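Structure first, then comments.
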4 protein chains.
Amino acid sequence: MATNKRMEVRKANLIKAAEKVFAEKGFHQATISEIARQAGVSDATIYEYFPTKEELLFAIPLSMTLKGKEDLLLHLKIIRGAANKLRAIIYWYLDIYEKHPDYASVALLILKSNREFLKTDTYQVVREWARLFVDIVKEGIESGEFKVNTDPYLVRAAVLGTIEHNVISHLLLGRPKNLLSLVDPLTEIVVRGICQDDGFNGWRIKVAFEQPPEKLEQKLDKTVGRNKKKRK
Amino acid sequence: MATNKRMEVRKANLIKAAEKVFAEKGFHQATISEIARQAGVSDATIYEYFPTKEELLFAIPLSMTLKGKEDLLLHLKIIRGAANKLRAIIYWYLDIYEKHPDYASVALLILKSNREFLKTDTYQVVREWARLFVDIVKEGIESGEFKVNTDPYLVRAAVLGTIEHNVISHLLLGRPKNLLSLVDPLTEIVVRGICQDDGFNGWRIKVAFEQPPEKLEQKLDKTVGRNKKKRK
Amino acid sequence: MATNKRMEVRKANLIKAAEKVFAEKGFHQATISEIARQAGVSDATIYEYFPTKEELLFAIPLSMTLKGKEDLLLHLKIIRGAANKLRAIIYWYLDIYEKHPDYASVALLILKSNREFLKTDTYQVVREWARLFVDIVKEGIESGEFKVNTDPYLVRAAVLGTIEHNVISHLLLGRPKNLLSLVDPLTEIVVRGICQDDGFNGWRIKVAFEQPPEKLEQKLDKTVGRNKKKRK
Amino acid sequence: MATNKRMEVRKANLIKAAEKVFAEKGFHQATISEIARQAGVSDATIYEYFPTKEELLFAIPLSMTLKGKEDLLLHLKIIRGAANKLRAIIYWYLDIYEKHPDYASVALLILKSNREFLKTDTYQVVREWARLFVDIVKEGIESGEFKVNTDPYLVRAAVLGTIEHNVISHLLLGRPKNLLSLVDPLTEIVVRGICQDDGFNGWRIKVAFEQPPEKLEQKLDKTVGRNKKKRK
DNA sequence: TATGAATGAGGTTTCATTCAT
DNA sequence: GATGAATGAAACCTCATTCAT
């Protein structure tokens, strides 16, 4: 059991080393030798823990994915409202990626475009995640928070796609500098994009002026209040 | 001139063959031999046209990028309103990716995560595109179509990120089946997410029913149009 | 005939270009393309004049060897005495190599170690040269100028070897700077090394001064003549 | 230590195999595959020991050069007189080359004309050798054994050049058959070529016979002593 | 005659992976 | 359990050379 523990630790180290080297060089440019060197072991040792280079790659997201899921689930349970939960998810992703750039590189630049990864157990965990996301959106629809005809899959794609696009840009180009600053703007766009107009269910009667004086209009905007946000 | 033409044609064929093989196998799994076979030429011939395998890869997006840009620019000139232009862009992207899945694979699964591509001339064209996108959003902000505090870069990331996420999913998982069906839902989310409430500049008078009958409401929705959504 | 002349000129140009490129890069590092570029023709044109790259190499020494031989033969006919002829040969070689460093490179760094060159017609000319050299030494032996037991082949090897060693050093290391400055020292060593002591076959009687005045001695040296050189 | 020893042995074997193949085929004609076959290992194994084919080539002269230098230095210490040392060097070289024709081929036909070799550490050892040679000649000059105006560099070039010329001829043409037979003739030429006449500073009176009987002459030579050496 | 274009042939090199110790 | 050492397999790329025009 002592050895078992030892091996777990070493395995984790190997994964960490692999993450670093893969992030720096990409999968094909990275060599087992370099990973071994980074981990302070011999090449052959890596093969004691992982059957192939690709399996080593696939092992990288596992812990993060599993542990991350637990954490996030915990958070989500205490949060009320689909929109708020969306924000939590967005926060969580951007936070993780910002704090673990090597992991971000591996996940978004390497694994994302690896067809084999889709067959992985780890990927199944990711799938479950994805389902969770969809469920939250559905929940929001059902609760009336989101529009009825909202496509939960599209929303998911929008949120994750936007996050990933930004993270990749952050990794490769250095912009945006700060990922967490995106949390609120992104949340707002998405939530506004899918929320019920204002939850008001009566008749809406519009009265148009022939030529509404611009300045007046602006005042009116402020006075009457545009329903920028929803009510609950 | 005849020879020049011949070579242009052959070069285009090589690019096409490369696109296909790269799309199927990925960059590293694809071999020059297979591309040559696919193109019906010898390995060495490829090197008459492209100095390295990587240069061959980078040549793939060039024509699409250049020609695409022209086409889209033409469209955009005829379209009025930033939101409409956004929709045009979304349409254009999804259309291209749906019609050219090999190209989509190369662009989104291979080039997107290739750091060297960023140093390419072709990438510069992509950058110009990106600027154009931002300009359109800014235009929408100035015209009052979009909210004043809209972050154009975030909007761009959202649109492109969502598109790319969907295209990748389409390529790898087969979902969504139909990319163009995303045009309107995506446009709506984004535009709603960033537009001024509704751009209507009159008085808004709300008349509430005490208990609006569900069925009536639905009918009214369709009849009167506007607020597509319901209540629960 | 006009065309014939044209072709001869072009052939000579090709050889010149090849000489330059081979000298710079060595045989294997040099490419037909580069030689063609240097000559201002296409790769294929070279093959109109020479069947293979190696034949092009072997063509380089031909003109020099043939023309050189004629010239030198002319000189040798006017010169009397084997030692003087030896000096003429040494001069001629060093002169040629100094004036034509590219040729020297090709001859001494490339052809010298090419086994195929030995089968060449051009090499046969070189062999005749070599025979000539030996004949001169033999002549010197017969005339009594050189020691009876002189090995003409060794003398040839010594002269040519020394020259080549110096030329190579000159080419690769830049030392000696000036090749022609070697003519006399080299001649002296070799001739002293093989000449009859002084060719004098009588008794030698030495008469010593107690303290021969240095200056006188020097004068005497010049006046009487130390047998540095031979007589005829 | 056992493994270390094993690897040293294998490395030496690889060098031996390379020496053989390079000698037979030349550097460019020789292939790693053939060397590997000759050594009884796989191609890849060679690259475990040498980073490139060229480095493998450059490794060949190292041991010979180092060990040889030690041996020769030992000899030279016991030998008195610059002329005798010269003879020892000549002997040593010809002996090595005769005993190791493959090495001779590599050294004189391949390395001699390789510009990159000049940048090698091994070549630096060769340079030190060369300095040693010059020092011996200088020593001879200072001791009065050799003429004052002797150029040590020219002497070195003469000795080495002559040796190399003969060895190459021996390798390529089979002549001379026996290299060691050159030791004395070559030594004599060179030493005669540069030795002090006899350092005798008196009058020299010559008495000629009308017809000196050949045989008598020879006896006289021995009896009276040719002024091969000097006094001080 | 000159050449643009195509290619056959092959070599060096790289690495993931294996296995005896 | 760890590793030093060995290798199989293959890929990219280069060039001398050919041939239709």
Side-chain angles (χ1 to χ4, degrees), chain A residues 3-4 6-7 10-11 14 27-36 39-56, chain B residues 2-4 6-7 10-11 14 27-36 39-56, chain C residues 3-4 6-7 10 27-36 39-56, chain D residues 2-4 6-7 10-11 14 27-36 39-56:
Chain A
T3 57
N4 224 334
R6 258 230 166 309
M7 287 189 68
R10 181 162 277 206
K11 190 165 185 171
L14 289 178
F27 181 69
H28 283 282
Q29 297 304 322
T31 67
I32 290 288
S33 286
E34 189 165 358
I35 295 169
V41 302
S42 74
D43 293 23
T45 298
I46 290 183
Y47 286 88
E48 296 287 324
Y49 293 83
F50 304 94
T52 67
K53 186 187 179 188
E54 201 168 42
E55 289 295 321
L56 173 55
Chain B
T3 58
N4 222 334
R6 261 229 165 309
M7 287 192 73
R10 180 160 278 208
K11 189 166 187 171
L14 288 178
F27 180 69
H28 284 282
Q29 297 304 322
T31 68
I32 289 289
S33 287
E34 189 166 359
I35 295 170
V41 301
S42 73
D43 293 24
T45 297
I46 290 182
Y47 287 90
E48 292 286 319
Y49 291 84
F50 304 95
T52 66
K53 188 188 179 187
E54 201 169 43
E55 288 294 321
L56 173 54
Chain C
T3 57
N4 224 332
R6 260 229 165 310
M7 287 190 66
R10 181 162 275 206
F27 180 69
H28 283 282
Q29 297 303 323
T31 67
I32 290 288
S33 287
E34 189 166 0
I35 295 170
V41 302
S42 73
D43 292 25
T45 298
I46 290 182
Y47 287 87
E48 296 288 324
Y49 292 85
F50 303 94
T52 67
K53 185 187 179 187
E54 201 167 42
E55 287 296 320
L56 173 55
Chain D
T3 59
N4 222 335
R6 259 229 165 308
M7 286 193 73
R10 180 162 278 208
K11 189 166 187 172
L14 288 179
F27 180 70
H28 284 281
Q29 297 303 323
T31 68
I32 289 289
S33 286
E34 188 164 0
I35 295 169
V41 301
S42 73
D43 292 25
T45 298
I46 291 182
Y47 286 89
E48 292 286 322
Y49 292 83
F50 304 95
T52 66
K53 187 186 178 188
E54 200 169 43
E55 288 294 322
L56 172 55

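Throughout, protein chains are lettered first and strands after them, A, B, ... in sequence-line order, and every chain is numbered starting at 1. These numbers come from a predicted model, not from an experiment.
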D/Y49 versus D/M7, closest heavy-atom pair with distance:
CE2-CE, 3.4 Å

Identify whether any heavy atom of D/T45 sits under 4.0 Å from a base atom; if not, whether one sits that close to sugar-phosphate; answer base, sugar-phosphate or nothing.
base

Roughly how many Å is it from CZ in C/F27 to P in F/dC15, rounded to a whole number?
13 Å

Can you give me the N/O atom pairs linking the protein to nucleotides 18-21 of chain E at distances under 3.5 Å, or say none if there are none?
none

Looking for any heavy atom pair under 4.0 Å, which part of the strands does C/A30 touch: base, sugar-phosphate only, or nothing?
sugar-phosphate

Between F/dT3 atom P and A/F50 atom CZ, what is the distance in whole Å?
15 Å

Over how many whole Å does the gap from D/H28 atom NE2 to F/dA16 atom C1' extend?
15 Å

Whole-Å distance between E/dT13 P and B/K53 NZ?
19 Å

When the nearest nucleotide of DNA chain F is assigned to D/G40 and to B/S33 on a heavy-atom basis, which residue is associated with the more 5' position?
D/G40

Which string of ( ) [ ] | and . matches DNA chain F, if you list each base 5' to 3' and count Watson-Crick or G-U pairs only when both distances are under 3.5 Å?
.||||||||||||||||||||

Separation of atom CZ in B/R6 from atom P in E/dG4, rounded to whole Å
17 Å

In the structure I gave you, are the side-chain heavy atoms of B/V41 and B/E48 within less than 4.5 Å of one another anywhere?
no

B/S42 side-chain proximity, nearest of E/dG4, E/dT13, E/dT7
E/dT7

Counting any heavy atom closer than 4.0 Å, what does D/Y49 reach on the DNA or RNA strands: base, sugar-phosphate only, or nothing?
sugar-phosphate

Spacing of CD1 belonging to B/I46 relative to NZ belonging to B/K53, to within rounding of 0.5 Å:
10.5 Å

For the CD1 atom of C/I32 and the OG1 atom of C/T52, what is their distance to the nearest 0.5 Å?
8.0 Å

For E/dT1, does either OP1 or OP2 sit under 4.0 Å from a side-chain N or O belonging to C/R10?
no

Quick one: B/I46 CD1 to F/dC12 P, roughly how many Å, whole number?
9 Å

Measure from CD1 on B/I32 to C1' on E/dG10 and round the result to the nearest Å.
17 Å

Nucleotide F/dA6, atom P - distance to NZ of D/K11 in whole Å
12 Å

Given 3.5 Å as the limit, does a donor-acceptor pair link the side chain of D/K11 with the main chain of D/F50, or not?
no

